[in-house]
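A short worksheet on the structure shown next.
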Number of protein chains: 2
Amino acid sequence: MARARTTLRDVAQKCGVHLSTVSRVLNRKEGYAISEEVADKIRKAAAELGYKTNPFAYSLRVNRSFTVGVLVPDLSNPVFPPIIRGIEHRLAHSGYTAFLGDTDNKVEEEHRIIERMKGRQTDGLILATAHRSDDLIKTCIAEGYHVVLINRSVEDTAVASVINDDAAGIEMAVRHLLELGHRQIAHVAGPQEISTGYQRYLAFLDVMRKQGLEPDEELVAFCHAYSEDEGKLALTRIFESGKRFTAVVAANDLLALGCYDAIEQQGLTCPDDISVTGYNDMPFANKFKPPLTTIHIPLYQMGERAAEAVLTMIQGPLSQPQKITVHPELVLRGSTGPRG
Amino acid sequence: MARARTTLRDVAQKCGVHLSTVSRVLNRKEGYAISEEVADKIRKAAAELGYKTNPFAYSLRVNRSFTVGVLVPDLSNPVFPPIIRGIEHRLAHSGYTAFLGDTDNKVEEEHRIIERMKGRQTDGLILATAHRSDDLIKTCIAEGYHVVLINRSVEDTAVASVINDDAAGIEMAVRHLLELGHRQIAHVAGPQEISTGYQRYLAFLDVMRKQGLEPDEELVAFCHAYSEDEGKLALTRIFESGKRFTAVVAANDLLALGCYDAIEQQGLTCPDDISVTGYNDMPFANKFKPPLTTIHIPLYQMGERAAEAVLTMIQGPLSQPQKITVHPELVLRGSTGPRG
DNA sequence: TATATCTACGCAAAGGTTTGCGCAACCGCA
DNA sequence: TGCGGTTGCGCAAACCTTTGCGTAGATATA
């Protein structure tokens with residue numbers, strides 16, 4: 001790392017011109033007249049010496065880091081890698097780089113990481129960690145940071161976001177189960193302080209009622225996190241209530257996986273005794289036994305669009321924050337079947 | 001982002017001292033005498049004004065970025081998230097941050113990303129993308145970059161690395177199968193230009209011979225990538241050879257997953273007809289059907305140690321590059337059973 | 001009392017860019 | 001010849017730190 005980089009001055013010296021001229025040539029600034037002859041010489045010399053602009057000096061001068069902070073609640077959740085790849089791909093295309101942070105589902109950690117990002121002077125923030133009521137995010141926005149939410153949204157705050165239509169997704173899942181003849185349908189709900197958990201829960205109630213089925217409170221259990229363990233615990237609670245049911249819609253794939261465990265523990269099988277649906281269509285969802293019927297959302301593209309959004313916020317003057325909604329699709333696999 | 005940060009000068013002005021004094025107080029430099037009175041005043045003022053040192057100016061001055069580039073071949077492979085978390089955790093502890101790059105298993109992409117990292121002046125590089133003969137890495141080292149390899153190693157080059165004992169791991173897997181009574185054991189080998197693929201293949205041959213079983217060439221198939229598809233294809237080729245076998249050791253978990261598919265496609269079941277072992281014990285390995293018997297390696301800790309290694313290289317004078325080897329463990333699950 | 005030694009801090013350079021302004025030399029035109 | 005307008009480039013400030021050196025006053029030593 002101690003190799004001395006060649007600077008503008010080196011190039012200038014070699015060409016017998018001033019370094020400001022080199023800068024202008026290499027940055028192709030409009031409005032400055034420089035003879036083609038000199039410009040060529042400079043470009044050639046720059047290439048020859050392997051000139052790369054020093055990012056520290058550049059950032060110091062223009063007061064931009066060309067980085068974006070990306071926060072996820074749990075990198076080990078397979079939903080996030082595709083999102084991150086989408087973000088990075090789009091960012092790299094514009095010369096930006098992402099700082100990744102994993103909050104491990106902890107609020108304190110979230111604070112720490114956000115502080116780190118601010119310390120690093122990231123030009124923007126893409127957060128997959130939002131809570132429905134999230135003061136941290138409100139503060140960031142109040143401070144003038146460019147933030148884009150992905151997957152989850154917040155209430156009562158104008159903030160750019162790219163999310164999927166949770167209501168539509170859940171409706172597809174429930175309708176699918178109804179068509180298979182199921183009537184007693186349970187819901188393993190996500191954390192209610194997170195938009196996805198709350199919206200999907202509301203949607204579940206709504207669709208059931210629209211079908212004339214009053215949802216049974218005992219057939220709904222809430223999780224405190226999107227994890228397999230929580231999913232297993234929740235469904236087990238429902239089993240223990242004694243209420244009969246033949247299908248369960250889980251608020252996401254990890255929860256659905258936990259449901260598999262709970263079902264097996266009861267000595268039952270999926271889908272013969274109980275059908276299960278997930279949400280997200282995360283990688284490997286098709287590899288479990290049984291392959292999971294779930295709601296597909298375009299993770300990679302969501303990442304790209306979030307990056308796109310934050311870039312326009314960084315570059316342009318801030319107009320109304322964009323709200324992008326992508327559409328989910330039902331993907332039928334082996335975890336759902338006709339009512340036994 | 002346009003908020004004017006408070007600088008050393010602001011703090012100095014408020015305290016009526018020179019900014020160099022502020023810098024020295026805030027950095028607790030030894031060897032400089034500053035009265036406690038002034039120091040207190042400065043610390044108080046700094047806290048009050050919310051002073052944060054400007055990373056660009058700082059980096060420019062000290063010529064360090066306090067970042068480390070981390071390259072993985074495929075973020076969607078569940079092995080990597082734990083590794084990355086280990087790296088980030090250790091790095092953050094020392095005030096460093098990681099730039100993550102996903103090469104998508106493509107060499108050109110690898111080049112591009114490494115160039116980006118160099119452009120960003122990362123203080124070190126942690127690579128999970130090494131090939132057995134890797135000129136890119138040799139170049140980086142020749143240029144003086146601090147690089148640490150993780151999981152994979154290179155040949156003919158002195159480079160720091162943290163890897164697991166592939167030979168020991170494979171030996172455990174094979175012995176386990178032998179104890180279950182298997183004699184015709186197939187090997188779905190990883191890419192041979194990658195150290196893990198090659199070492200595990202060699203180890204497979206070696207252990208078999210040590211047991212007096214000459215390995216059958218037709219029972220070995222090579223993959224071109226660590227993916228489920230490749231694993232499926234490879235095992236299918238072995239099936240098509242017509243040779244009988246009752247167990248297969250796959251070079252990693254993804255490949256093993258592909259083997260599941262191939263076995264199912266043949267109308268056979270695992271482990272009743274064919275036992276399967278994986279390698280890595282990636283997250284979710286226990287969630288498949290059947291739960292995968294595999295070789296556990298301490299992914300998170302490997303990440304931490306790689307970060308540790310790169311940090312010492314950055315700080316200290318470069319002595320001999322460290323080679324860290326961690327020990328694998330066999331974890332028994334449902335994909336292996338007694339010979340049918 | 002004169003000199004040496006600390007103590008406590010200030011000065012200014014250096015790190016590499018970008019960019020507003022200035023200034024020659026040249027050209028065209030009257 | 002004189003003058004205004006380009007063209008083509010240089011100058012220097014500014015961005016914010018760190019850090020080697022300098023120095024004024026106080027204290028200790030001879």
Side-chain angles (χ1 to χ4, degrees), chain A residues 1-43 45-46 49-67 95 118-121 123, chain B residues 1-43 45-46 49-67 95 118-121 123:
Chain A
M1 278 306 311
R3 293 140 300 94
R5 276 164 85 114
T6 92
T7 73
L8 280 182
R9 182 139 57 124
D10 299 329
V11 181
Q13 220 150 37
K14 173 156 184 169
C15 296
V17 299
H18 195 261
L19 43 38
S20 64
T21 307
V22 179
S23 170
R24 285 194 264 255
V25 167
L26 265 28
N27 295 340
R28 315 184 172 291
K29 281 286 175 192
E30 315 266 328
Y32 275 95
I34 287 163
S35 68
E36 258 316 299
E37 187 187 5
V38 171
D40 267 355
K41 189 166 58 174
I42 289 177
R43 274 190 283 264
L49 295 175
Y51 173 78
K52 294 267 174 60
T53 122
N54 180 314
F56 311 141
Y58 182 57
S59 282
L60 176 60
R61 183 66 237 256
V62 303
N63 199 30
R64 292 230 222 129
S65 63
F66 301 93
T67 61
K118 287 183 184 173
R120 291 273 179 190
Q121 296 265 69
D123 296 337
Chain B
M1 278 304 311
R3 291 143 300 95
R5 276 165 85 112
T6 92
T7 75
L8 281 182
R9 180 140 57 123
D10 299 330
V11 181
Q13 221 151 37
K14 173 156 183 170
C15 295
V17 299
H18 194 261
L19 44 39
S20 64
T21 308
V22 179
S23 171
R24 285 194 263 256
V25 168
L26 265 27
N27 294 341
R28 315 185 172 290
K29 281 284 175 193
E30 314 266 326
Y32 275 94
I34 286 162
S35 67
E36 257 317 299
E37 186 188 5
V38 171
D40 268 355
K41 190 166 57 173
I42 288 176
R43 275 190 283 265
L49 296 175
Y51 174 77
K52 296 266 172 62
T53 122
N54 180 315
F56 311 140
Y58 182 57
S59 281
L60 175 59
R61 185 64 237 256
V62 303
N63 199 29
R64 292 230 223 127
S65 63
F66 300 93
T67 60
K118 288 182 183 172
R120 291 272 179 191
Q121 296 265 67
D123 296 337

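Hydrogens, waters and symmetry mates play no part in the numbers below; they use all other heavy atoms, side chains included. Below, chains carry the letters A, B, ... as their sequence lines are ordered, and counting in each starts from 1.
A heavy-atom distance below 4.5 Å is not found between the side chains of B:Asn54 and B:Thr7.
Note that CZ of B:Arg5 is 3.5 Å distant from CD of A:Gln121, once rounded to the nearest 0.5 Å. Note that CZ of A:Arg9 and NE2 of A:His18 are 9.5 Å apart. Values are rounded to the nearest 0.5 Å. Atoms CG and NZ, from A:Leu49 and A:Lys14 in turn, are 4.5 Å apart once rounded to the nearest 0.5 Å.
Within residues 10-20 of chain A, the residues approached by DNA chain C to less than 4.0 Å at the level of any non-hydrogen atom are A:Leu19, A:Ser20, in residue-number order.
For the pair B:Asn63 CG and C:dT17 P, the computed distance is 12 Å after rounding to whole Å. Rounded to whole angstrom, the span from the CG atom of A:Leu60 across to the C1' atom of D:dA14 amounts to 9 Å. What separates CD1 of A:Ile42 from P of D:dC9 is a distance of 8 Å, to the nearest Å. Look at CZ on B:Arg64: it is 15 Å from C1' on D:dT17, rounded to the nearest Å. Rounded to whole Å, atom P of C:dG15 lies 12 Å from atom CG of A:Asn54. Straight-line distance from the CG atom of B:Asn27 to the C1' atom of D:dT19: 11 Å, rounded to whole Å. A:Arg9 has its CZ atom 15 Å from the P atom of D:dG10, to the nearest Å. Distance, B:Asp40 CG to C:dA8 C1': 15 Å, rounded to whole Å.
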Hey, what are the protein-to-nucleotides 25-28 of chain C N/O distances that come in under 3.5 Å?
none

Atom pairs, N/O to N/O, protein against nucleotides 21-26 of chain D, distance under 3.5 Å?
from	atom 1	to	atom 2	distance (Å)
D:dC21	N4	B:Tyr32	OH	3.3

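Nearest nucleotide to the side chain of A:Tyr51, out of C:dG16, C:dT17, D:dT19: C:dT17.
Scanning for salt bridge (Lys or Arg N to Asp or Glu O under 4.0 Å) contacts around A:Arg43 gives A:Glu36, A:Asp40, with sequence neighbours left out. For B:Arg64, the side-chain hydrogen bond (donor to acceptor under 3.5 Å, both in side chains) criterion is met by B:Tyr96, not counting sequence neighbours. Applying the side-chain contact (heavy atoms from CB on, under 4.5 Å) rule to A:Tyr58 yields the partners A:Thr53, A:Val62, A:Phe66; only residues at least two apart in sequence or on another chain are considered. For A:Ser59, there are no side-chain hydrogen bond (donor to acceptor under 3.5 Å, both in side chains) partners two or more places apart in sequence or in a different chain. Residues that satisfy the side-chain contact (heavy atoms from CB on, under 4.5 Å) test with A:Leu8, not counting sequence neighbours, are A:Leu19, A:Val22, A:Ser23, A:Leu26, A:Tyr51. With sequence neighbours excluded, no residue forms a salt bridge (Lys or Arg N to Asp or Glu O under 4.0 Å) with A:Lys41. Under the side-chain hydrogen bond (donor to acceptor under 3.5 Å, both in side chains) criterion, B:Ser65 pairs with B:Thr67, B:Asp123, sequence neighbours left out.
Of all heavy-atom pairs between B:Pro55 and A:Gly119, the closest is CG-O, 3.3 Å.
Taking side-chain N and O atoms only, A:Thr21 has a distance below 4.0 Å to OP1 or OP2 of D:dG10. Phosphate contact (OP1/OP2 of C:dG15, side-chain N/O of A:Tyr58, threshold under 4.0 Å): absent. Using a 4.0 Å cut-off, some side-chain N or O of B:Ser35 falls inside it from OP1 or OP2 of C:dC9.
Residue-level contact check: B:Leu8 touches the bases, meaning some heavy atom is under 4.0 Å from a base atom.
Taking for each of B:Glu36 and B:Ala57 the nucleotide of DNA chain C with the nearest heavy atom, the 5'-most of the two is the partner of B:Glu36.
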